[in-house]
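Below, read A as the first sequence line, B as the second, and so on, with proteins coming before strands; counting in each chain starts at 1.
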Amino acid sequence: MATGRSLVRRVASTPWNARLRELASQSLFSESITLYRSMLRSGSSPDAFSYPFTLKSCAALSLPVSGQQLHCHVIREGCVAEPFVLTALISMYCKCGLVEGARKLFDENTQSHQLGVCYNALISGYTANAKVADATCLFRTMKERCVSVDSVTMLGLVPVCTVPDYIWFGMSLHGECVRLGIDSELAVLNSFITMYMKCGSVESGRRLFDGVPVKGLITWNAVISGYAQNGLAYDVLELYEEMKSYGVRPDPVTLVSVLSSCAHLGAQRIGQEVEKLVEANGFVSNVFVSNALISMYARCGNLAKARGVFDVMPVRSLVSWTAMIGCYGMHGMAETGLKLFDDMIRNGIRPDKTVFVMVLSTCSHSGLTNKGLELFDAMKREYKLEPGPEHYACVVDLLGRAGRIDEACEFIESMPIEPDGAVWGALLGACKIHKNVDMAEVAFAKVIELEPMNIGYYVLMSNIYTDSNNQEGIWRIRVMMRERGFKKEPGYSYVEHKGRVHLFLAGDRSHEQTEEVYRMLDELETSVMEIEGNTDCDRCGEVSSSTREHSERLAVAFAILKTSPGAEILVIKNLRVCEDCHVFIKMVSKIVDRRFVVRDASRFHYFEDGLCSCKDYW
DNA sequence: ATAGGGTTAG
């Protein structure tokens, strides 16, 4: 081809270049690569003006082979030294995940050492490929060589500061931007807002956001997704409304965060509104959006709709399968979930660690002990995945629930990695179910060493002592808790009503209809043969308040008051529904003849006609 | 004429 081509009369490349540029600027990347190919076929030879566009297309589509081919052409045409071409090549290698190749190019062409854009391309390449040390190191080199740092350098560098350890570095960068006078550029502000949010400094991020005079869509998205990532689902919905009131139109990124917050809060009505918007704007083909829809419907208890979204997706990602499988697990439908897992494998999708967490916990919730152990084995042997602490915790849970406590202990001892709090916590939970006080004390000592501030474990241990009538033990736990000075009760529940989410806290009286809610609660309690008690509730963490004021009861009472007879009631609880409340809701479902769906931290409970879907309450 | 950049899920 090459020799043949040189015989063909060379045609001026300018019209080709203009078209290449047009396509690339419209993000029609594969079209631009096709055009480049026909350009070669027609006998016109590309020049230094053709490559940047074509390389950019390879970068955008992550096509390393085509990119390297282009690199060869560049060498043949002798224009590697051309700054625009060199930078485009470096960027292409980075975007295709070949950072070493990019670095080699950078080192070999020393003229790039004075070009800020080359540093910028390489730094953002390091950042995108999680090479934090290389990124910061190159930034230092850049300054040593007196190459000027600009806002694009910052945009490439700031995203490395997304772990709390790097927040100081991030703040120093912020200071540097002020000195350079680029701290008011919108993109720079956006990247710092994101940085603070990802480090968990939600207030700092919000303060920066409030100070931005003209906010862009990404500015709004940065805070909305930051709230979502920090579990502030309520604030997400609030800010989303505010954003719309300013006339800013949400994009798929916004809607993904909003949907995930609806999932969190059980706000199906709001989620459905978002789905309408998704359809109206043609975002249905966006995999992120569809995955978020699946998870929203699943976590709102609407399995059929979740499956409906899943079934019509033209392209499913691993995340789509994982969300769907996890959703069957939460609903106690282990068979369907495991069948879907098999389907996934048959479809040639390689499982990852997360999907294994889903299938393993599905097995343990449904008592499929051996099936779970089999899968754990297959994970290591067949799929060559290194189990993490979360997988070990699942296996301990699997063995523990089945009453195989000794095996669970041996398993922990044989672990090649250090067990974390969740592993010992799973053992502690098993000891509660099977009333093994001695082992519980061992597990408890370990677990509070690893997670001293997790209140749930203290409550669990206290309840194990309660079950065995060990007054001294109960007292000891109380003292420990007092010493550690636990603050307010973290138990809360949500109910959605008329497109608004109502939040209830244990013993809380700040809800606008508190009077009515408590009256209804009293009424229900008179009807139910109430088990009075001030015992600490197992795992639900709502300590030292009477169980009769637990958040899920307030939510139930409110929902009965507000919704029409016959309507199903969905209550979301952040922790676990305690035994007392479980019994209470069961009885209420008979008295008021309503169906209750309660989603707690790990699964769904269905209450109807005095019965509950789960035999064993967790 | 041409290069480098910010937000997204289980």
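- Extent of DNA chain B lying under 4.0 Å from chain A heavy atoms, first and last nucleotide in 5' to 3' order, is dA1(B) to dG10(B).
- Residue contacts for A48(A): at a heavy-atom cut-off of 4.0 Å it reaches a base atom on one of the strands shown.
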Could you walk me through whether R307(A) and Y297(A) pass side-chain hydrogen bond (donor to acceptor under 3.5 Å, both in side chains), step by step?
CA-CA 9 Å; R307(A) 186 59 194 250; Y297(A) 279 125; over 6 Å; no

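- L318(A) comes within 4.0 angstrom of a nucleotide base, judged by non-hydrogen atoms across all strands.
- Across all strands, Y51(A) comes closer than 4.0 Å to no nucleic acid atom at all (heavy-atom distances).
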What's the verdict on side-chain hydrogen bond (donor to acceptor under 3.5 Å, both in side chains) for R145(A) and Y119(A), showing C-alpha distance, side-chain angles and the deciding distance?
CA-CA 11 Å; R145(A) 292 181 181 161; Y119(A) 287 87; 2.9 Å; yes

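- Within the 3.5 Å criterion, the main-chain N or O of C327(A) finds a donor-acceptor partner in the side chain of H331(A).
- If you check every strand for non-hydrogen atoms under 4.0 Å, S257(A) touches nothing.
- Geometric assessment of K215(A) against the ring of F209(A) yields a positive cation-pi assignment under the 6.0 Å and 45° thresholds.
- Each side-chain hydrogen bond (donor to acceptor under 3.5 Å, both in side chains) pair with one or both residues in residues 258-268 of chain A, not counting sequence neighbours, appears once here: Q268(A)-N302(A).
- Heavy atoms of D47(A) sit nowhere under 4.0 angstrom from any nucleic acid atom.
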Working for ring pair (Phe, Tyr, Trp, His ring centres under 6.0 Å), residues F106(A) and Y93(A):
CA-CA 11 Å; F106(A) 177 83; Y93(A) 277 113; over 10 Å; no

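- The residue N17(A) sits close to a base: some heavy atom pair falls under 4.0 Å.
- Looking at heavy-atom distances under 4.0 Å, Q229(A) makes contact with sugar-phosphate atoms alone, never a base.
- K198(A) comes within contact range of the sugar-phosphate backbone alone, with a heavy-atom separation under 4.0 Å but no base atom that close.
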